[in-house]
Amino acid sequence: MHQTAGARTAPRQQQGRLWSILGGSAGNLVEWYDWYVYSAFTLYFAPAFFPASDRTSQLLNAAAIFAVGFLMRPIGAWLMGLYADRHGRRAALTLSVTLMCAGSLLIALTPSFATIGVMAPIVLLAARLMQGLSVGGEYGASAVYLSEVAGKKHRGFFSSFQYVTLIAGQLVALCVLLILQGVLSEAELHLWGWRIPFAIGGMLAFAVFYLRRGMDETDSFRRVEESRAERISSLKLMRDHPREVLLVMALTAGGTLAFYTYSVYLQKFLVNTSGFSVQTASRVMTAALFIYMLLQPLAGALSDRIGRKPLMIAFGIAGVLGTVPLFTALETVSNSFNAFLLVLAALVAVTGYTSINAVVKAELFPADIRTLGVALPYALANTLFGGTAEYVALWFKRAGFEKGFYWYVTAMIGLSLIVYLRMRETHHSGTLAVEYAEAEGKGE
C-alpha cells in the first residue's frame with residue numbers, strides 16, 4: 001500500500017514546525033539573556049564607561065542608560081510590529097536578533113572611558129538603544145510567530161515557550177555571573193572579565209540569526225500577503241481595532257505588574273524587608289524561578305483543553321485574594337524554605353497570565369495587523385505598569401507605607417480580573433481559530 005502525498009509530507013511539516021518553534025524560542029532566550037546581562041554585570045562594567053568619581057554616581061549613570069533602553073521598547077514594538085505585518089514575521093525576528101547581536105558586541109568591544117573619553121558612554125547608550133528596540137520588537141513578533149506556527153490544537157502549549165525562554169534568559173545570565181565570579185578574581189572581572197558575557201550574547205545572537213533565516217514564514221502571513229488591500233499603519237490599528245487595543249492594555253496591566261513584582265522585585269523585598277542576605281535571596285529566587293519556568297508549558301497545554309479564560313480568571317482571583325496576605329507573611333518570614341514556598345506560590349498564581357498572554361493577544365487581531373496589535377499596546381502597558389513596579393514599591397517603602405504597594409498590586413490585578421471575566425473566550429472563537437477553519441474549508 002502506497003502512502004499518500006499528504007501522509008508523506010506530514011512528518012516533514014511537523015519537523016519544519018518544530019524547527020521554526022525552536023528558532024523562535026531560542027532567539028527569545030538569547031534576546032532576554034542579552035537584556036538581563038546588562039543589569040547583572042553593571043557593578044563590573046560601570047567604572048569602564050564613566051569617569052572615576054564615586055561608585056554610586058557610576059551606577060546611577062549605568063542605570064539611567066538601562067532606563068533609556070527600557071523606554072525604547074514601545075518604539076521598538078511599534079516599528080517592529082509594522083515591519084512584521086508588512087514584510088513577514090520571520091524577517092522581523094531576524095532583524096530583531098541582529099539588533100541585539102550588534103548591541104551586545106558593541107558593549108563587549110568598546111574601549112573604556114580612560115581610552116576614548118566621552119565616546120565610551122555614548123557608544124554604550126547607542127548599543128542599549130539598539131537592544132531596547134530589539135526587545136520591544138521581539139515580544140510581538142515572537143508571540144505572533146509562535147502562535148501562528150503552532151498549529152490548530154497546541155497554540156497555548158507552544159506559545160507558552162515565549163515565557164519559558166524569557167525566564168531561561170534571566171537564569172542563564174545569572175549562571176554566567178556565578179561562573180565568572182568563581183573562576184575570575186574581582187580585579188579581573190572589573191578589568192576585562194565583564195566583557196565575556198556580552199561577547200557570549202553577541203555570538204549566540206549571531207548563531208540565532210542563521211537559525212531564524214532558515215525558519216518558515218507562517219501560513220497566516222502568506223495568506224494575508226496575497227490578499228492585502230491596504231497598507232498597514234498605526235492609524236489603521238486604532239481606527240479598526242480600538243476595542244482590542246484597549247483590551248490588550250487592560251488585560252496586560254495587572255499581569256505585567258504582578259510578573260515584575262513577583263519575579264524581579266521580590267528578590268529586593270527579601271533583602272530590604274524580610275532581612276535575608278543577598279546570597280540567600282538569590283538562591284530562593286533562582287529555585288522558585290526555575291520551577292516557575294517549567295510550569296509555563298503545562299499551563300499552556302491546559303489552556304488548549306479548557307480554554308484561556310479559566311487560567312486568567314484563576315490568576316486574577318488568586319492575585320486579588322492573595323497578594324496582601326502573601327507580602328504580609330513575607331515581612332516576617334525567617335526560614336529560607338518558607339520564603340521559597342511563598343515566592344513559588346506567587347509565581348504559580350501569575351502563571352495563569354504569563355503562560356498564555358501571548359496567544360490570547362494574538363487571537364484578538366486579524367493576521368494583517370496582528371503583530372502591531374499585539375506588540376504596541378502590550379509595550380505601553382508593560383512600560384507603564386511593569387517597568388515602574390520596583391520604583392512604585394520603593395516609593396511606598398520610603399514613604400513609610402509599604403503596605404500601600406500591596407494594595408496597589410491587588411487593585412491593578414482586580415481591574416484586569418474584571419476584563420478577564422467580561423472578555424470572550426479566544427481559544428475557539430478568536431481570529432486564529434477562524435483562520436484555521438477557513439483554511440480547512442478551502443482544503444489547505
Side-chain angles (χ1 to χ4, degrees), residues 32 35-36 38-40 42-43 56 59-60 63 66-67 70 163 166-167 169-171 173-174 177-178 253-293 295 315-316 318-354 382-414 416:
W32 286 102
W35 182 255
Y36 283 117
Y38 184 99
S39 58
T42 301
L43 281 170
T56 301
L59 293 178
L60 282 173
F66 179 83
F70 202 99
Y163 262 78
L166 186 156
I167 302 160
Q170 185 176 359
L171 291 174
L174 179 61
L177 173 62
L178 294 174
T256 193
L257 174 59
F259 171 71
Y260 278 93
T261 297
Y262 299 153
S263 69
V264 178
Y265 175 64
L266 271 189
Q267 182 167 3
K268 296 176 177 63
F269 185 90
L270 289 174
V271 175
N272 294 336
T273 301
S274 305
F276 290 100
S277 68
V278 174
Q279 293 78 8
T280 300
S282 297
R283 287 196 294 267
V284 167
M285 292 303 301
T286 300
L289 284 170
F290 181 75
I291 296 175
Y292 172 58
M293 176 182 70
L295 290 175
F315 153 65
V320 168
L321 298 180
T323 297
V324 173
L326 176 91
F327 273 101
T328 303
L330 281 171
E331 286 178 351
T332 57
V333 69
S334 58
N335 181 282
S336 60
F337 182 70
N338 291 337
F340 160 76
L341 292 177
L342 289 168
V343 172
L344 183 60
L347 293 173
V348 169
V350 80
T351 295
Y353 165 79
T354 55
N382 184 257
T383 299
L384 289 172
F385 300 104
T388 60
E390 186 172 318
Y391 178 85
V392 173
L394 294 173
W395 183 88
F396 273 111
K397 184 174 180 64
R398 186 163 49 183
F401 183 49
E402 190 166 22
K403 290 186 183 297
F405 180 67
Y406 314 166
W407 288 107
Y408 165 64
V409 176
T410 299
M412 292 307 304
I413 295 175
S416 288

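Excluded from the calculations below are hydrogen atoms, water molecules and symmetry mates; all remaining heavy atoms, backbone and side chain alike, are included. It should be emphasised that the depicted structure is a prediction, and the values quoted were computed from it without experimental measurement.
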*Would you indicate whether the side-chain heavy atoms of Trp32 and Ile167 approach each other to under 4.5 Å?*
no
_Between OG1 on residue Thr273 and CD on residue Glu402, distance to nearest 0.5 Å_ = 3.5 Å
_I'd like to know whether Thr286 forms a side chain to side chain contact (heavy atoms under 4.5 Å, CB included) with Leu171, so could you lay out the CA-CA distance, the side-chain angles of the two residues, the decisive distance to 0.1 Å, and finally the verdict._
CA-CA 7 Å; Thr286 300; Leu171 291 174; 4.0 Å; yes
*Residues that Phe259 engages under ring pair (Phe, Tyr, Trp, His ring centres under 6.0 Å), provided they are two or more places apart*: Tyr163
_Exercise: identify the closest heavy-atom pair between Gly386 and Thr256_ = N-CG2, 3.6 Å
*asked:* To check you understand the geometry: which heavy-atom pair defines the closest contact between Ala281 and Leu270, and what is its length?
replied: CB-CB, 3.9 Å
*If you take all heavy atoms of Leu326 and Ala346, which pair is closest and at what distance?*
CD2-CB, 3.6 Å
*With sequence neighbours left out, write down each residue that passes ring pair (Phe, Tyr, Trp, His ring centres under 6.0 Å) with Phe315, or none if nothing qualifies.*
none
*Looking at Ala253 and Met412, what are the two nearest heavy atoms and their distance?*
CB-CE, 3.8 Å
*Rounded to the nearest 0.5 Å, how far does CG of Leu266 lie from CG of Leu347?*
7.0 Å
*Quick one: list whatever passes side chain to side chain donor-acceptor pair (under 3.5 Å) with Thr351, sequence neighbours left out.*
Gln296
Without placing hydrogens or testing angles, list every side-chain donor-acceptor pair under 3.5 Å for residues 329-341, not counting sequence neighbours.
{"from": "Glu331", "atom 1": "OE2", "to": "Tyr406", "atom 2": "OH", "distance (Å)": "2.5"}
{"from": "Asn335", "atom 1": "OD1", "to": "Phe337", "atom 2": "N", "distance (Å)": "2.8"}
{"from": "Asn335", "atom 1": "OD1", "to": "Asn338", "atom 2": "N", "distance (Å)": "3.1"}

*Take Phe385 and Val392, measure what side chain to side chain contact (heavy atoms under 4.5 Å, CB included) needs, and give me the verdict at the end.*
CA-CA 9 Å; Phe385 300 104; Val392 173; over 6 Å; no
*asked:* Please enumerate all residues that pass ring pair (Phe, Tyr, Trp, His ring centres under 6.0 Å) together with Phe396, with sequence neighbours excluded.
replied: none
*Polar side chain donor-acceptor pair, Ser416 to Tyr353, under 3.5 angstrom*: no
*Side-chain contact, heavy-atom cut-off 4.5 Å: Gln267 with Val343?*
no
_For Val324 against Thr410, the heavy-atom pair lying closest together_ = CG2-OG1, 3.6 Å
*Please examine the side chains of Thr323 and Tyr262, heavy atoms only from C-beta on, and report whether any two atoms are closer than 4.5 Å.*
yes
*Just jot down the side chain to side chain donor-acceptor pair (under 3.5 Å) partners of Ser277, sequence neighbours excluded, or say none.*
Thr280
*asked:* Test side chain to side chain contact (heavy atoms under 4.5 Å, CB included) on Tyr36 and Leu166; report intermediate values, then the result.
replied: CA-CA 10 Å; Tyr36 283 117; Leu166 186 156; 4.0 Å; yes
*Which distance, rounded to the nearest 0.5 Å, do you find between the CD of Gln170 and the CE of Met285?*
7.5 Å
_Shortest non-hydrogen separation from Ser263 to Leu289 and the atoms involved_ = CB-CD2, 3.9 Å
*asked:* Measuring only between side-chain heavy atoms, which start at C-beta, is Phe269 closer than 4.5 Å to Phe327?
replied: yes
